[in-house]
J.: 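Below you'll find the structure I mean.
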There are 2 protein chains.
Amino acid sequence: MKRSLGHIEYKDDTETLAKFAKALGHPTRIAILKHLESQSCCFTGDLVDVFPLAQSTISQHLKELKNAGLIQGELKPPKIKYCINQENWNIAKSLFQDFFK
Amino acid sequence: MKRSLGHIEYKDDTETLAKFAKALGHPTRIAILKHLESQSCCFTGDLVDVFPLAQSTISQHLKELKNAGLIQGELKPPKIKYCINQENWNIAKSLFQDFFK
DNA sequence: CAAGCCCATCGTAATTTTACGATAATAAAT
DNA sequence: ATTTATTATCGTAAAATTACGATGGGCTTG
């Protein structure tokens, strides 16, 4: 990208909403989150069984959801249990609600 | 991308929600839509004045929002008036609502 | 018909995303 | 201490995204 202006400054809510939306902007990640909602929690391996994707790809999607704050991982050796991050989930929820008025 | 499986088939709602989310996944596009909500409608030129971005860049963002179905353009020569596509907007709204339960 | 205004599109470049296989890391169990 | 199970990370490659300037097309006005 040719960026003449480095960063454009948007309002915090705008940036945050875009960040959440971006994380939701892939069908696999939507499906993962739906799965997490229905199961409340699950392990990486469960998802690898459900989706026809490489384990590393699933892991990458989980990483993005985690970076966006939508999920969190809890160590349950040798597995990792992923759950919705309820706090940020609620923030996202109200940002989207406000956005759609 | 190395795609061994061509396309993964997700449920329609999942694909649609991801498509809307992807379109919302950039702060400039969020800001454009907020602007459109407050003004109800506006011209491309108005946005070029508001955002420190090249006219072609604004146009490209508008194109993506249009492709996602979130906005529509009406010819008002020599300008083009952009508005929220209310029908799809409502679809997006309820998809996000359902998603966040 | 020419000139001007507004906007989309083209061509281009840097960056990011998406995906894979292979490898490394971590903790438990043997 | 070695093995096993599970998951993250690395290296890589193709494609998509984001941005710019320049060009072109459509419509109105002179």
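Note that the structure is a prediction, hence the values are computed from the model and not measured. As a basis for the values below, the full set of heavy atoms in this structure was taken, side chains included, without hydrogen atoms, waters or symmetry mates. Chain identifiers are assigned alphabetically (A, B, ...) following the order of the sequence lines, protein sequences preceding nucleic acid strands; residue numbering begins at 1 within each chain.
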J.: Describe, in one word, how the ring planes of A/Y10 and B/F51 are oriented to each other, choosing from parallel (under 30°), tilted (30 to 60°) and perpendicular (over 60°).
T.: tilted
J.: Of A/G25 and B/V48, whose closest DNA chain C nucleotide lies nearer the 5' terminus?
T.: B/V48
J.: Rounded at 0.5 Å granularity, tell me how far CD1 in B/I32 sits from NE2 in B/H35.
T.: 9.5 Å
J.: Run the ring-centre check on A/Y82 versus A/F43 and record whether the distance is less than 6.0 Å.
T.: no
J.: Take atom CG of A/L65 and atom P of C/dT17, then tell me their distance rounded to the nearest Å.
T.: 13 Å
J.: Would A/R29 and A/E64 pass as an ion pair if we require N to O under 4.0 Å?
T.: yes
J.: Mind calculating the distance between NZ (A/K19) and P (C/dT16) to the nearest angstrom?
T.: 17 Å
J.: From NZ of A/K81 over to P of C/dT26, roughly how many Å is that when rounded to an integer?
T.: 22 Å
J.: Test ring pair (Phe, Tyr, Trp, His ring centres under 6.0 Å) on A/F99 and B/W89; report intermediate values, then the result.
T.: CA-CA 11 Å; A/F99 182 71; B/W89 188 265; 5.4 Å; yes
J.: Show the numbers, then the answer: is there a side chain to side chain donor-acceptor pair (under 3.5 Å) between B/K34 and A/T14?
T.: CA-CA 9 Å; B/K34 282 188 177 179; A/T14 299; 3.2 Å; yes
J.: Within residues 54-63 of chain B, find the residues that approach DNA chain D with a heavy atom at under 4.0 Å, and present them sorted by residue number.
T.: B/A54, B/S56, B/T57, B/Q60, B/H61
J.: So, applying side-chain contact (heavy atoms from CB on, under 4.5 Å) with A/T28, which one of A/L47, A/L33, A/L53 is it?
T.: A/L53
J.: Report the distance from atom CD of A/Q72 to atom SG of A/C83, rounding to the nearest 0.5 Å.
T.: 6.0 Å
J.: If you pin A/L75 and B/K66 to their nearest nucleotides in DNA chain C, which one's is more 5'?
T.: B/K66
J.: Rounding to an integer number of Å, can you tell me how far A/K79 NZ sits from D/dT4 C1'?
T.: 14 Å
J.: Between A/N67 (CG) and C/dT16 (C1'), how many Å, whole number?
T.: 14 Å
J.: Can you list the stems that include DNA chain D, where a stem is three or more consecutive Watson-Crick or G-U pairs with distances under 3.5 Å?
T.: C:1-30 with D:1-30
J.: Please report the distance, rounded to the nearest Å, between CD1 in B/I32 and P in D/dT18.
T.: 11 Å
J.: Atom CD1 of B/I80 to atom P of D/dG25: distance rounded to whole Å?
T.: 15 Å
J.: Does C/dT17 have OP1 or OP2 sitting under 4.0 Å from an N or O in the side chain of A/K22?
T.: yes
J.: Measure from CZ on B/F43 to C1' on C/dC5 and round the result to the nearest Å.
T.: 13 Å
J.: I want to check something: taking the side chain as every heavy atom from C-beta on, are A/C42 and A/L36 in contact at a cut-off of under 4.5 Å?
T.: yes
J.: Quick one: is B/T28 getting a side-chain N or O under 4.0 Å of the D/dT18 phosphate, OP1 or OP2?
T.: no
